[in-house]
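Reviewing the structure listed below.
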Amino acid sequence: MATPENKLAFDAGWQYSPAPESTDHIKVRKRYGLFIGGDFVAPEKGKYFDTVNPATEEKLSRVALASDADVDKAVKAARKAYGPWVRMKPAERGKYIYRIARIMQERSREFAAIESLDGGKPIRESRDVDVPLAAAHFFYYAGWADKLEYAFPGRKARPLGVAGQIIPWNFPLLMAAWKIAPALACGNTVVLKPAETTPLTAMKLAEVVADAGIPDGVVNIVTGAGETGAAIVNHPGVDKIAFTGSTEVGRIIQQALAGTNKKYTLELGGKAANIIFADAAIDQAVEGIINGIFFNQGHVCCAGSRLFVQESVAEEVIQKLKDRMETLIVGDPLDKNTDIGAINSRQQLDTIESYLAIGQGEGGEMYQSSCPVPDKGYWCRPTLFTGVSQSNRVVQEEIFGPVLAIQTFRTFDEALTKANNTPYGLSGGVWTDKGAKIFKMTQSVRAGVVWANTFNKFDPTSPFGGYKESGMGREGGLHGLDAYLRLEA
Ligand code: ADP
């Protein structure tokens, strides 16, 4: 029997965030259990870990560390819930998913503030991008629940069973929505694991799931680090794995799944080329470059981290970029004026700083804006490298921080060759006044998404995913349904 953790957590009282007055209404529990079978339950081994605010280094809450036994319990709860869930009328399932979307909208301010507190991203982004997009995914997939026969005409669409879902720390709530919404719409039940540094919005989502009256066990959320994730991947009762995270862990998961019947999707790293032709609207392109690399501190797998600028406008673009970087405000994620928030963790800051040293060691010229940064917390000023070449590590490897590597090109073919010279293939961008050039480039860049005269635009109807070391399978849109179904003739 599950030990009810609800009571325990409430007895422990609410902990008010240590943030300014504007967030007084935000309540984070002092401690969270695991969300299994519709209840918050204590972990079998009684272990918990801290989640900290990366902008202050202060502890926000403690969350349960799920062991193999807890994962087993969650998978069993999901399996038990599967039969009734799959037999339920699809339109009824849809209603539940709509309900999650609506409650999420009602609590959007709280979700946004917690996302920024736990993950470090600017409140403007949590409020205007992460939370509305997460709700939009639930709305979008709720609509498909009773229309699968139209999505795949002439074929029988059957759910897979229990989906194990492992997500990263850069878009915690949004990634949970990307994973849970299509899985439920297709009739699967889920066990989801948020990343260890950003569990809090997933726990809020668990509360929403409970408040929406979703049948017990249809959605289970277990917290923990890599070992908990591995326990989900290796559990024989899991029928599908959906993973978003590093290429390194993606490889481990792929190896673990080889020879099993589990279906999987992997959304991994990236090193996107953002290509600026001389005929582009330059000021607009500069904004697109800034957004492409500094959005969410550059903790974005599809970030435009490699800039290719046509030689004749390179000087102008680089100067404008530097001027614009000087205007960016780095600091308190909860301040509406902040452009760049905190780096998600000490570990990630160390990684980014090691790349700054590597880039300079390789002969790159580093430029950082001169803005002040707070004394406490994890911060990195917006940074760019010039004087780097294709073989440099800062050009080839994913840094996952606010660091842009700039190269120039003369011809279309040179830009294309350089853009495709990467082990990754997740996204790209092209900026030009000429439609023909857009079509030619978007068809030739080997990447799952290529934006034209814009960057980092997301929509639930649009599939997302990569080639090469950026992973396999697609999420979003119709493709996102396919990933959670077995299609029969
Ligand atoms: P990052 O390097 O960006 O932190 P990771 O790929 O390490 O990304 O983490 C993404 C998610 O994968 C997190 O939820 C993490 O806990 C989980 N994870 C890490 N190692 C493993 C593993 N071996 N098996 C399954 N999940 C893992």
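Bear in mind that the values here come from a model prediction, so they are computed numbers and not experimental data. Order of appearance sets the numbers: ligands from 1, and atoms from 1 within every ligand.
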Nearest protein heavy atom with distance in Å, relative to atom 17 (C) of ligand 1: Ile166 CG2, 3.7 Å

Could you check atom 20 (N) of ligand 1 against the protein and tell me its nearest heavy-atom contact, residue, atom and distance included? Gly226 CA, 3.5 Å

Mark up the atoms of ligand 1 that fall under 4.0 Å of a heavy atom belonging to Ala225, in ascending order. 16 (O)

Tell me: protein heavy atom nearest atom 7 (O) of ligand 1, and distance? Val249 CG2, 3.7 Å

Classify the ring geometry between Trp169 and Phe400 as parallel (under 30°), tilted (30 to 60°) or perpendicular (over 60°). perpendicular

Side chain or backbone of Glu196 under 4.0 Å from ligand 1, or both, or neither, by non-hydrogen atoms? side chain

Which atoms from ligand 1 have a heavy atom of Lys193 less than 4.0 Å away? 13 (C), 14 (O), 15 (C), 16 (O)

Starting from atom 26 (N) of ligand 1, locate the nearest protein heavy atom and write down its residue, its atom name and how far away it is, to 0.1 Å. Gly229 CA, 3.5 Å

Trp178 and Phe464: CA distance, side-chain angles, deciding distance, ring pair (Phe, Tyr, Trp, His ring centres under 6.0 Å) verdict: CA-CA 10 Å; Trp178 276 30; Phe464 187 89; 5.2 Å; yes

Would you compute the distance between atom OG1 of Thr223 and atom OH of Tyr32 and round it to the nearest 0.5 angstrom? 11.0 Å

Give me the residue, atom name and distance of the protein heavy atom closest to atom 24 (N) of ligand 1. Ala230 N, 3.5 Å

Among side-chain atoms of Glu115 and Thr201, is any donor-acceptor pair under 3.5 angstrom? yes

In terms of ring plane angle, is the pair Phe458 and Trp451 parallel, tilted or perpendicular, where the classes change at 30° and 60°? perpendicular

Mind checking whether Ile167 has an N or O less than 3.5 Å away from an N or O of ligand 1? yes

closest protein heavy atom to atom 4 (O) of ligand 1 is Trp169 NE1, 2.8 Å

Taking only Lys NZ, Arg NE, NH1 and NH2, and the carboxylate oxygens of Asp or Glu, determine whether Glu44 and Lys73 approach each other closer than 4.0 Å. yes

List the closest protein heavy-atom neighbour of atom 8 (O) of ligand 1: residue, atom name, distance to the nearest 0.1 Å. Ser246 N, 3.7 Å

Looking at Ala195, which atoms of ligand 1 are within less than 4.0 Å of one of its heavy atoms? 14 (O)

Quick one: does Lys59's side chain get under 4.5 Å of Thr51's, heavy atoms only? no

Is the shortest side-chain N to carboxylate O distance from Glu475 to Lys179 below 4.0 Å? yes

Any nitrogen or oxygen of Thr244, main chain or side chain, under 3.5 Å from a nitrogen or oxygen of ligand 1? no

Distance under 6.0 Å and angle within 45° of the ring axis: does Arg446 meet both against Tyr467? yes

